[in-house]
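Report on the following structure.
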Amino acid sequence: MRSLPAKALERLSAELGAPLERPASSEHGDFATNAALQLAPQRKRPPREIAEELVQKAESLELVERAEIAGPGFVNLWLGSAWYLDALREILDAGASYGGGFADPAERVQVEMVSANPTGPITVASARNGAYGDSVARVLAHAGHTVEREYYYNDAGAQMEKFRASVEAVARGEEPPEDGYRGAYVAELAATGGDPVPRMLEQIEASLERFRIHFDSWALQSELAERLPELLPRLDTYEKDGAVWAKSSEYGDDDDRVIIRSPEQGGTPTYRAADIVYLVDKLERGFDRAIYVLGADHHGTRQWYAAVARMLGYDPERVEVLLYQLVHLVSGGQQTKISKRRGDVVFLDDFEDEIGVDAARWYLVNRGPDQAIDIDVDLAAEKTQKNPVYYVQYAHARIAGILRNAPSVPETFEVPAELAPEEKELIKRLVEFPGVVEEAVERRGPQALPNYAIRVADDFHRFYHEHRVLESEAQDFRLALVRATQIVIALNLELVGVEAPERM
RNA sequence: GGCCCCGUAGCUCAGUGGAUAGAGCAACGGACUUCGAAUCCGUGUGCGGAGGUUCGAUCCCUCCCGGGGCCA
C-alpha cells in the first residue's frame with residue numbers, strides 16, 4: 001500500500017489506528033483501510049468482525065462523516081468539510097516545503113552523475129543520466145538531505161589521447177586516425193588550436209547548465225590515481241603474472257580485478273585503481289552516502305564498488321549505484337547504434353534546440369530507470385506538441401492568471417459546509433503529494449512525479465471547468481484551493497527540473 | 001555459458017500485495033457572450049505462457065517463450 005504521510009492524513013490514520021489509502025473508485029469512500037484484512041490472520045478472527053470495530057471507532061471521530069464495511073473487510077471512510085479545511089491549511093502553511101523535510105536522519109549525500117569523458121559534447125545518452133540523477137538529487141534535497149553534485153572524468157587515458165590526436169590531425173589538415181573522433185565539433189576545436197580538453201569541458205558544463213544541472217565539483221581521474229600508493233597497503237591484494245590484483249572476489253564481487261598492470265603492459269594503474277581511490281575520497285570527504293548514477297552497461301560495477309567498500313572497512317550501504325537502461329535512437333524506424341567516434345550521435349544541445357529543455361527533462365525522467373528509451377530522432381520535434389509537460393504547465397499558468405486577477409489570496413477562509421466533488425477530488429489529490437515524494441526518495445525513482453503532476457492538472461482543469469473561482473460565493477476558499485494547487489504543481493515541476501511558467 | 005533489465009490498449013508507457021488495471025498519443029462525436037479552449041465531456045472485449053505462495057497476484061517465487069544489454 002502506498003503511504004500517504006500528509007499530516008492531515010497521518011493524524012486521521014493515527015486516531016483510527018489503521019493506515020489509510022485512497023481507493024481507486026470514489027464509491028469506496030474518500031479514504032479506505034484494509035487493516036482488518038491484514039490483521040485477521042494474526043488475530044485469528046474474521047476480517048469483517050475487526051472491520052466492524054474499525055467502523056465504530058471511525059464514526060466516533062470528529063472528522064469522519066461516515067464509515068462502512070465493504071467487500072471482504074475493507075473499511076471505507078467519508079470525511080467532513082473540516083478535514084478538507086485542515087488539509088488545505090497544511091499545504092498553504094508549508095508552502096515550498098510541502099511534502100519535504102522528512103529525512104531522518106538527514107544525511108550529507110553526494111550524487112555523482114553524467115561523468116562522460118570530455119571527448120565530445122554531451123549526448124542524449126548522457127542526458128538521461130543527468131536528468132535522472134539530477135532529479136534524484138532534487139528529491140533527496142527536498143526530503144531534507146544535503147546534496148552535492150559531482151562530475152568525474154578522465155583527462156589522461158587512451159581515449160583522451162585519441163581525442164587529442166584526432167583534433168591535432170584535423171588541425172594539420174589530415175584525416176583523424178582510423179579509430180579516432182570525427183564530426184563537426186572536432187573541426188571547430190581544431191580551428192582554434194591548443195589543448196581541446198579544457199574547452200570541451202567548458203562546453204559540457206555550459207550544456208549541462210542549460211539543462212539545469214549544476215555541478216558543485218569536478219573530479220579528475222588522473223589526480224586521484226596518483227594517490228593510489230598511499231592506499232595500496234590498506235587493500236587486500238596479490239601479485240599474479242606481474243600484475244597487482246585486488247582480491248575483490250572475497251568481498252562479494254564475481255572476480256578479482258587487476259588494479260596495476262604488469263610491467264610488460266606498462267605497469268600503470270587501471271581505471272579500477274582510480275575507482276578505489278575515488279571511493280575512499282568520497283567517503284573521507286565526509287559524505288554519509290555516495291550515489292553513483294551509471295548506465296545499465298555498468299551493472300557489473302555495483303558489486304565491485306560494494307566489494308571495495310567492504311575491503312576497506314566501510315559500510316557498503318553508504319555506496320549506492322543507481323542504474324538506468326540506455327537510450328536508443330530510432331531513425332526512420334531503424335535503430336541506430338550511436339558512436340561518438342563516428343560522429344553520428346545526437347547531442348544534448350541539438351536535442352534541446354528541437355524539443356526544448358522542459359520537454360527533454362520531462363521525457364527523460366518520465367520513464368522509470370529500468371525502462372529502455374527509444375528516441376525517434378525524426379519525431380523529436382513533433383513530440384513537443386504532444387508532450388504532457390505543456391498540459392501541466394498550462395494548469396500552472398492558468399492558476400497564475402486567476403491569481404493575477406484576484407484581489408489577494410486571503411489569510412483566513414471558511415470552508416463551505418458542502419464541498420463540490422471536484423473540490424474534494426482536488427484536495428485529496430494534493431494530499432497525495434508527500435507520499436509521492438517519499439516514494440520517489442525510497443525508490444530512487446522520480447518517475448512517479450510527472451505522472452502525478454498530470455493527475456493534479458487533470459483534477460484542477462476539471463474543477464476549473466465546473467466552478468468559478470472569482471466572484472463566487474466561495475471565492476476565498478477557492479482562491480486558497482487554487483493557490484495550494486499552484487504550490488504542488490510548481491514543486492512537482494521543480495523536482496523534475498521543469499519550469500513552472502506564469503504565462504504561456 | 002553466467003549475470004542485469006523488459007514483455008500491460010493500435011503506438012509510447014504508469015501501475016512493486018487489494019475492490020471495476022489507468023494515462024498520453026492516434027481515431028470518432030460533442031462543449032467557448034463567463035476567471036486562459038494549450039481546456040472540458042463521451043466512445044476501450046489489454047497484464048507473453050504454465051505452475052506455486054496468499055483471504056486476495058500485473059506485482060512475490062520457480063520454470064518456459066520472446067526482446068534488449070553486460071561480462072566471459
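Every chain is numbered from 1, with letters handed out A, B, ... down the list of sequences.
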Which nucleotide sits closest to the side chain of [X]: [options]?
| X | options | value |
| --- | --- | --- |
| A/R398 | B/rA37, B/rC35, B/rU16 | B/rA37 |
| A/L470 | B/rC35, B/rG18, B/rC70 | B/rC35 |
| A/N34 | B/rG18, B/rU16, B/rG36 | B/rG18 |
| A/V469 | B/rA37, B/rC40, B/rC35 | B/rC35 |
| A/A32 | B/rU20, B/rG36, B/rA19 | B/rA19 |
| A/A397 | B/rG15, B/rG36, B/rG69 | B/rG36 |
| A/D458 | B/rG17, B/rC35, B/rC40 | B/rC40 |
| A/P388 | B/rG36, B/rC35, B/rG24 | B/rG24 |
| A/L37 | B/rC35, B/rC55, B/rU16 | B/rC55 |

Open item on the list: Can you tell me whether the side chain of A/N76 and the base of B/rA19 have a donor-acceptor pair closer than 3.5 Å?
Closed with: yes

TODO: Assess the side chains of A/Y390 and A/D358: does a donor N or O sit below 3.5 Å from an acceptor N or O?
DONE: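 The answer is no; no qualifying pair exists.
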
Open item on the list: Under a 3.5 Å cutoff, is there a donor and acceptor pairing between the side chains of A/Q159 and A/Y181?
Closed with: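 Checked: A/Q159/A/Y181 side chains pair up, N/O donor to acceptor below 3.5 Å.
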
Applying a 4.0 Å non-hydrogen cut-off, can you work out what [X] is touching in the nucleic acid: base, sugar-phosphate, or nothing?
| X | value |
| --- | --- |
| A/A406 | nothing |
| A/H299 | base |
| A/G368 | sugar-phosphate |
| A/H396 | nothing |
| A/Q393 | nothing |
| A/E502 | base |
| A/R503 | base |

Write down the distance between [atom1] ([X]) and [atom2] ([N]), rounded to a whole number of angstrom.
| X | N | atom1 | atom2 | value |
| --- | --- | --- | --- | --- |
| A/L294 | B/rC4 | CG | C1' | 14 Å |
| A/F460 | B/rA38 | CZ | P | 14 Å |
| A/D254 | B/rC70 | CG | C1' | 11 Å |
| A/F463 | B/rC40 | CZ | P | 14 Å |
| A/Y363 | B/rA14 | OH | P | 11 Å |
| A/I373 | B/rG69 | CD1 | P | 16 Å |
| A/H28 | B/rU20 | NE2 | C1' | 8 Å |
| A/H465 | B/rG42 | NE2 | C1' | 13 Å |

Open item on the list: Do A/D275 and A/V308 have side chains that approach each other closer than 4.5 Å (heavy atoms only, starting at C-beta)?
Closed with: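 In short, these two side chains do not touch, never coming nearer than 4.5 Å.
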
Open item on the list: Angle between ring planes, A/Y238 versus A/W245, binned at 30° and 60°: parallel, tilted or perpendicular?
Closed with: parallel

TODO: Measure up the A/W83 and A/F31 rings against each other and bin them: parallel (under 30°), tilted (30 to 60°), perpendicular (over 60°).
DONE: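 If you compare the ring of A/W83 with that of A/F31, the planes turn out perpendicular.
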
Open item on the list: So, applying side chain to side chain contact (heavy atoms under 4.5 Å, CB included) with A/V293, which one of A/V114, A/V111, A/V321 is it?
Closed with: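 So the option named by the test is A/V111.
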
Taking only the [atom1] atom of each, what is the distance from [N] to [M] in whole angstrom?
| N | M | atom1 | result |
| --- | --- | --- | --- |
| B/rC70 | B/rU8 | P | 22 Å |
| B/rG24 | B/rG69 | C1' | 28 Å |
| B/rA26 | B/rC40 | P | 14 Å |
| B/rG18 | B/rG56 | C1' | 7 Å |
| B/rG48 | B/rC65 | C1' | 7 Å |
| B/rA23 | B/rC32 | P | 25 Å |

cation_pi([X], [Y]) dist<6.0 Å, angle<=45:
| X | Y | result |
| --- | --- | --- |
| A/R89 | A/F413 | yes |
| A/K282 | A/Y152 | no |
| A/R128 | A/Y324 | no |

Can you tell me the base-pairing partner of [N]? Count Watson-Crick or G-U wobble geometry only, both distances below 3.5 Å, and say none if there is no partner.
| N | result |
| --- | --- |
| B/rG29 | B/rC41 |
| B/rU62 | B/rA50 |
| B/rG22 | B/rC13 |

For nucleotides 5-8 of chain B, give me every protein contact, N/O to N/O, under 3.5 Å, one pair per line with atom names.
residue : atom : partner : partner atom : Å
B/rC5   : O4'  : A/Q325  : NE2          : 3.4
B/rC5   : O2'  : A/D370  : O            : 2.5

Open item on the list: Under 5.5 Å centre to centre and under 30° between planes: does that hold for A/Y390 and the six-membered base ring of B/rA38?
Closed with: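 The ring of A/Y390 is not stacked on B/rA38.
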
Compare side-chain N and O positions of [X] against OP1 and OP2 of [N] and report whether any pair is under 4.0 Å apart.
| X | N | value |
| --- | --- | --- |
| A/N405 | B/rG36 | yes |
| A/Y464 | B/rA37 | yes |
| A/R462 | B/rC41 | yes |
| A/Y391 | B/rC40 | yes |
| A/R22 | B/rA19 | no |

TODO: Name the orientation of the base relative to the sugar in B/rC6: syn if the glycosidic angle is within 90° of 0, else anti.
DONE: anti

Open item on the list: Show the nearest heavy-atom pair for residues A/L491 and A/G95, with the distance to one decimal.
Closed with: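 In this case the closest contact between A/L491 and A/G95 is CD1-O, 4.0 Å.
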
